**Student:** 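I have a structure I would like to understand better, so I am pasting it below and will then ask my questions one at a time.
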Amino acid sequence: MENFKTNKLKLLAFGLVAERMNLSSIEIEDIYTVNELQEWIVRAYPQLKNVKYSIAINRKIVKADSAIPWGAEIALLPPFSGG
Amino acid sequence: MENFKTNKLKLLAFGLVAERMNLSSIEIEDIYTVNELQEWIVRAYPQLKNVKYSIAINRKIVKADSAIPWGAEIALLPPFSGG
Amino acid sequence: MHKPKNIFVYGPITPDKIAEIIAHHNDKTNIGAHSIFLGQVRADRINNKTVTAIEYTAYEEMAIQSAYEIREGAFEKYELICLHIYHSLGIVKAGEISLFVFTSSKHRKHAIDACEEIVEKIKNQLPVWGKEIFEDNDSVWKVNVD
Amino acid sequence: MHKPKNIFVYGPITPDKIAEIIAHHNDKTNIGAHSIFLGQVRADRINNKTVTAIEYTAYEEMAIQSAYEIREGAFEKYELICLHIYHSLGIVKAGEISLFVFTSSKHRKHAIDACEEIVEKIKNQLPVWGKEIFEDNDSVWKVNVD
């Protein structure tokens, strides 16, 4: 039944963030806002404390007060350095 | 003796000017200013009447009131269209 | 108008590949000007160590989408006939080329202005990361300053 | 600092030649950015006839001196590591390349700005003339508008 399904989210990490988290992808559950996500990251990954990154949801960079859609792909993006 | 020597000048023509004059190089004599040169061209090459060109003396573009040094290389340069 | 295209190549972008792309425009005789930007890996000295290579990683799906938006924006703003973007992934050694932007237009202004703007956007908007690798295999995450 | 160099090549500037010049900078590992401009001959329609080629002539001695001054000015104004200028003489067919400007610098801004300025100066200051040749061998002197 729909309301017992878990909201599974894919969290991707890149660059320095991935290096500090020691992973590039993890599945997380039941997070509905970027604020909630940030609080969870602070608890789960204290090693990211001084690391700068933006957050993308479904491949678009979002602000801190954004909602996170059900089943979204979330990505933690340190400053870009391509080129 | 120096004062009996002729002032021989090389006149080069390019692009449309060369086409209209039907030559790319000619030797001319005893012309000492750009004004004199222009008067001579009007008489000798009436077919240049409506043709636009700059004048270079010794490979530098000059103004109408410039002097022409003894033995100079003069060039008639229509608008550039390189590239 | 256009579809998202993969912009990534593994390893360096070779001069031969660049020549091939240029030659490919030989039959587009409405083109009068090409503007090209090439990013080359520098052997920078950082903390008394020399960079020997950069290893590039990307959030590929997002980067391809970003590149698509940059591309569409450029075609809307400039009178471009062609536009090609290639970026390296993986190891690119110092002296090798990791970014190729190629714009073509009838007159030069559009190609030149578009190329410059696209390079700027690629540096700012494309989720790509470079890790500078030193002689001793130590490494540091690249910070874009230019 | 530098000496006047011949900038002229007979016939088109080939993609292979361009690749060779790019590859030649592989050992200059202080370079981070190359900016390239290529002028390509267009098959313009003029009075219902199609341009098939441009025949270039130049006041070579003056053009080489002008190119030298443009080059010295660019090295003074911009932090350039390398600068190459090539222009075709003789016949260059539609779709082929007649002008190649290549600038290299540590960071991209200098290479990009210098390349654009040099192309502008080449078009305005170099005594070079193009004659546009049509299918029927009729011709017209080119007028630069771009």
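Numbers restart at 1 for each chain; the letters A, B, ... are given by sequence-line order, proteins then strands. The figures here come from the full heavy-atom set of this structure, side chains too, leaving out hydrogens, waters and symmetry mates. The structure presented is a predicted model; accordingly, all values stated were derived computationally and were not measured.
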**Student:** For each of D:F100, D:Y59, D:F37, tally heavy-atom pairs with chain B at distances under 4.5 Å, and name the one with the top tally.
**Tutor:** D:Y59

**Student:** Under a 4.5 Å heavy-atom cut-off, does chain D meet the side chain of B:A56, its backbone, both or neither?
**Tutor:** side chain

**Student:** Can you tell me which portion of D:A63 sits under 4.5 Å from chain B's heavy atoms? Options are side chain, backbone, both or neither.
**Tutor:** neither

**Student:** Would you say that more than 12 heavy atoms from the other residues, nucleotides or ligands in this model lie under 6.0 Å from the CZ of B:R20, or not?
**Tutor:** no

**Student:** With a 3.5 Å distance limit and no angle check, can you tell me whether D:Y56 reaches the backbone of B:G83 through a side-chain donor-acceptor pair?
**Tutor:**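 A pair under 3.5 Å: yes.
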
**Student:** Heavy-atom cut-off 4.5 Å, strictly under: side chain, backbone, both or neither for D:Q40 against chain B?
**Tutor:** neither

**Student:** Under 3.5 Å, side chain of B:S81 to main-chain N/O of D:V143, donor-acceptor pair present?
**Tutor:**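 Answer holds: no.
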
**Student:** Can you name the closest pair of heavy atoms from B:R59 and D:M62 and give their distance?
**Tutor:** O-CG, 3.5 Å

**Student:** Taking the side chain from D:H87 and the backbone from B:G82, do they hold a donor-acceptor pair closer than 3.5 Å?
**Tutor:** no

**Student:** Would you say D:N124 and B:F80 make side-chain contact, with heavy atoms under 4.5 Å?
**Tutor:** no

**Student:** Do D:E69 and B:K60 sit within salt-bridge range, that is, some charged N less than 4.0 Å from a carboxylate O?
**Tutor:** yes

**Student:** Any idea which of B:L16, B:L12, B:L77 has the most non-hydrogen atom pairs under 4.5 angstrom with chain D?
**Tutor:** B:L16

**Student:** Would you say the side-chain atoms of D:W129 pair up with the backbone N or O of B:P78, donor to acceptor, closer than 3.5 Å?
**Tutor:** yes

**Student:** Assess whether atom CD of D:E76 is packed by more than 12 heavy atoms of other residues, nucleotides or ligands within 6.0 Å.
**Tutor:**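 Incorrect, the count does not exceed 12.
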
